Amino acid sequence: MVVSEDITFLHRLADAADAISRQHFRSEALRTTTKVDGTPVSEVDRAVEQAMLDLVRARGGDGVLGEEVGDHPGSLNRRWIFDGIDGTHNYADGRPGWGTIVALEADGIVELGMVSAPLWGRRWWAVRGGGAWTAPLADDGSFDVEGAEPLRCGTESSLATASTIVIPWEGALLGWRNSVPRLFHLPETPRSQCFALDAAMVAEGRLDVSIIVLGGIWDFAATSLIVRESGGV
């Protein structure tokens, strides 16, 4: 059900997201609020998802599920799933550890997935059964898929000796969510950038394990595919 035009469109959605997020990064007009689960959301987060939603609607047929824009069913059994800015806490504070997550689900199966991190200057994406890839972004934000390299996870199989990141770390969120990391009895871990970039580092073999608790489908759909197609779990 996935055709080559879908892969091109996946990058087009990322282009639209990157253009907005780059434009407003460290903007004086940036405002954030806190959702009921303790996570921040910015006006730019919503604007990024709205831009991608508009592109999908203009194409016709496909549905959309976005963390901020909600559920918009289409006429086909396909939907694009996205998180406009994963790592809004970093984005709002002017730090580069954030990215956009996009996936295509067809007939209930995730077929395509991408993480785009314009401030890191890189994208990671995967096609179900077709492998996972990464390529750099140019300084002007342009992207050349011809420079893509295959992704490969590391080979560590013991959690006791694995390099591990847990998100949320204690103190990252407000309210009852703040106690969740204490449920995991793991060694002291580095601080997460954001789940999208943690998962990308697992796919690259730079990190062995990334654990996120209480995430949404927009966190897992694309990142899980990228890790699996890189040889991970």
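Position 1 is the first residue of the sequence; numbering continues from there. Note that the structure is a prediction, hence the values are computed from the model and not measured.
- Nearest approach of Ile20 to Ala47, heavy atoms of both residues: CD1-O, 3.8 Å.
- Contacts classified as ring pair (Phe, Tyr, Trp, His ring centres under 6.0 Å) and involving residues 199-233 (residues at least two apart or in different chains) are given here: Phe195-Phe220.
- When every heavy atom of Leu55 is checked against every heavy atom of Ala16, the shortest pair comes out as CD1-CB, 3.6 Å.
- Linking ILVMFWY side-chain heavy atoms closer than 4.5 Å, directly or via other members, places Val127 and Leu225 in two distinct hydrophobic clusters.
- Between the Tyr91 side chain and the Pro96 main chain, no donor and acceptor come within less than 3.5 Å of each other.
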Do His89 and Arg95 pass the side chain to side chain donor-acceptor pair (under 3.5 Å) test, and can you show the C-alpha distance, the side-chain angles, and the key distance before you say yes or no?
CA-CA 8 Å; His89 58 289; Arg95 297 189 297 265; 5.0 Å; no
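- A salt bridge is absent between Arg26 and Asp93; no separation between the charged side-chain nitrogens and carboxylate oxygens falls under 4.0 Å.
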Give the intermediate values and the outcome of side chain to side chain contact (heavy atoms under 4.5 Å, CB included) for residues Ile7 and Leu112.
CA-CA 8 Å; Ile7 300 174; Leu112 299 176; 3.9 Å; yes
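- The shortest distance between side-chain heavy atoms of Thr100 and Met52 falls below 4.5 Å.
- From Trp125, atom CH2 reaches atom CG of Leu151 across 8.5 Å, with rounding to the nearest 0.5 Å.
- Annotation: side chain of Phe82 is in contact with side chain of Val64 (closest heavy-atom distance under 4.5 Å).
- Between Arg57 and Asp62 there is no salt bridge, since no side-chain nitrogen of the basic residue lies less than 4.0 Å from a carboxylate oxygen of the acidic one.
- Checking side-chain atoms of Asp83 against main-chain N and O of Gly66 turns up no donor-acceptor pair under 3.5 Å.
- One N or O on the side chain of Glu229 and one on the backbone of Gly131 form a donor-acceptor pair closer than 3.5 Å.
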Step-by-step side chain to side chain donor-acceptor pair (under 3.5 Å) determination, Thr134 to Arg122:
CA-CA 7 Å; Thr134 185; Arg122 186 158 291 275; 3.0 Å; yes
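- Using modelled atom types, no side-chain atom of Glu111 and backbone atom of Glu105 make a donor-acceptor pair closer than 3.5 Å.
- Shown here are the side-chain hydrogen bond (donor to acceptor under 3.5 Å, both in side chains) partners of Asp208, two or more places apart in sequence or in another chain: Ser163.
- The side-chain heavy atoms of Met114 and His11, taken from C-beta on, include a pair separated by under 4.5 Å.
- Partners of Trp80 under the ring pair (Phe, Tyr, Trp, His ring centres under 6.0 Å) rule, at least two apart in sequence or in another chain, are Phe9.
- To the nearest 0.5 Å, atoms NE2 (His24) and CD (Glu43) are separated by 9.5 Å.
- With sequence neighbours left out, Asp54 forms a salt bridge (Lys or Arg N to Asp or Glu O under 4.0 Å) with no residue at all.
- Minimum heavy-atom separation, Val115 to Ala196: CG1-CB, 3.8 Å.
- In this structure, Ile226 and Ala203 approach most closely via the heavy-atom pair CG2-CB, 3.8 Å.
- For Val209, the side-chain contact (heavy atoms from CB on, under 4.5 Å) test picks out Leu159, Ala162, Thr164, Ile211, with sequence neighbours left out.
- At distances below 3.5 Å, at least one donor-acceptor pair connects side-chain atoms of Asp219 with backbone N or O atoms of Gly216.
- Trp124 and Glu204 share a donor-acceptor pair across their side chains, judged by distance under 3.5 Å alone.
- Here the shortest heavy-atom pairing between Arg123 and Asp18 reads NH2-OD2, 3.1 Å.
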Passes salt bridge (Lys or Arg N to Asp or Glu O under 4.0 Å), Asp198 versus Arg206? Steps please.
CA-CA 9 Å; Asp198 296 346; Arg206 295 168 55 197; over 6 Å; no
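- Atom CD1 of Ile85 and atom OG of Ser42 lie 4.5 Å apart (nearest 0.5 Å).
- Arg78 and Asp107 are not joined by a salt bridge, as no carboxylate oxygen comes within less than 4.0 angstrom of a charged side-chain nitrogen.
- Residues Val102 and Ala222 come closest through the heavy atom pair O-CB, 3.2 Å.
- We find the SG-CE distance between Cys153 and Met201 to be 12.5 Å, quoted to the nearest 0.5 Å.
- A heavy-atom distance below 4.5 Å is not found between the side chains of Asp86 and Trp98.
- Here the side chains of Asp6 and Arg59 are in contact, with some heavy-atom distance below 4.5 Å.
- Distance check, rounded to the nearest 0.5 Å: CG of Leu13 to OG of Ser116 gives 11.0 Å.
- Within the model, atoms CD1 of Ile101 and CD of Glu67 stand 8.5 Å from one another, a figure rounded to the nearest 0.5 Å.
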Tell me, with the steps shown, if Leu207 and Ile165 meet side chain to side chain contact (heavy atoms under 4.5 Å, CB included).
CA-CA 8 Å; Leu207 178 68; Ile165 280 181; 4.0 Å; yes
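- When hydrophobic side chains of Ile, Leu, Val, Met, Phe, Trp and Tyr are connected at separations under 4.5 Å, Ile109 ends up as a singleton with no cluster partners.
- Side-chain atoms of Ser230 and Arg152 include no donor-acceptor pair closer than 3.5 Å.
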Go through the steps to decide whether Thr88 and Val44 satisfy the test side chain to side chain contact (heavy atoms under 4.5 Å, CB included), and finish with yes or no.
CA-CA 9 Å; Thr88 312; Val44 181; over 6 Å; no
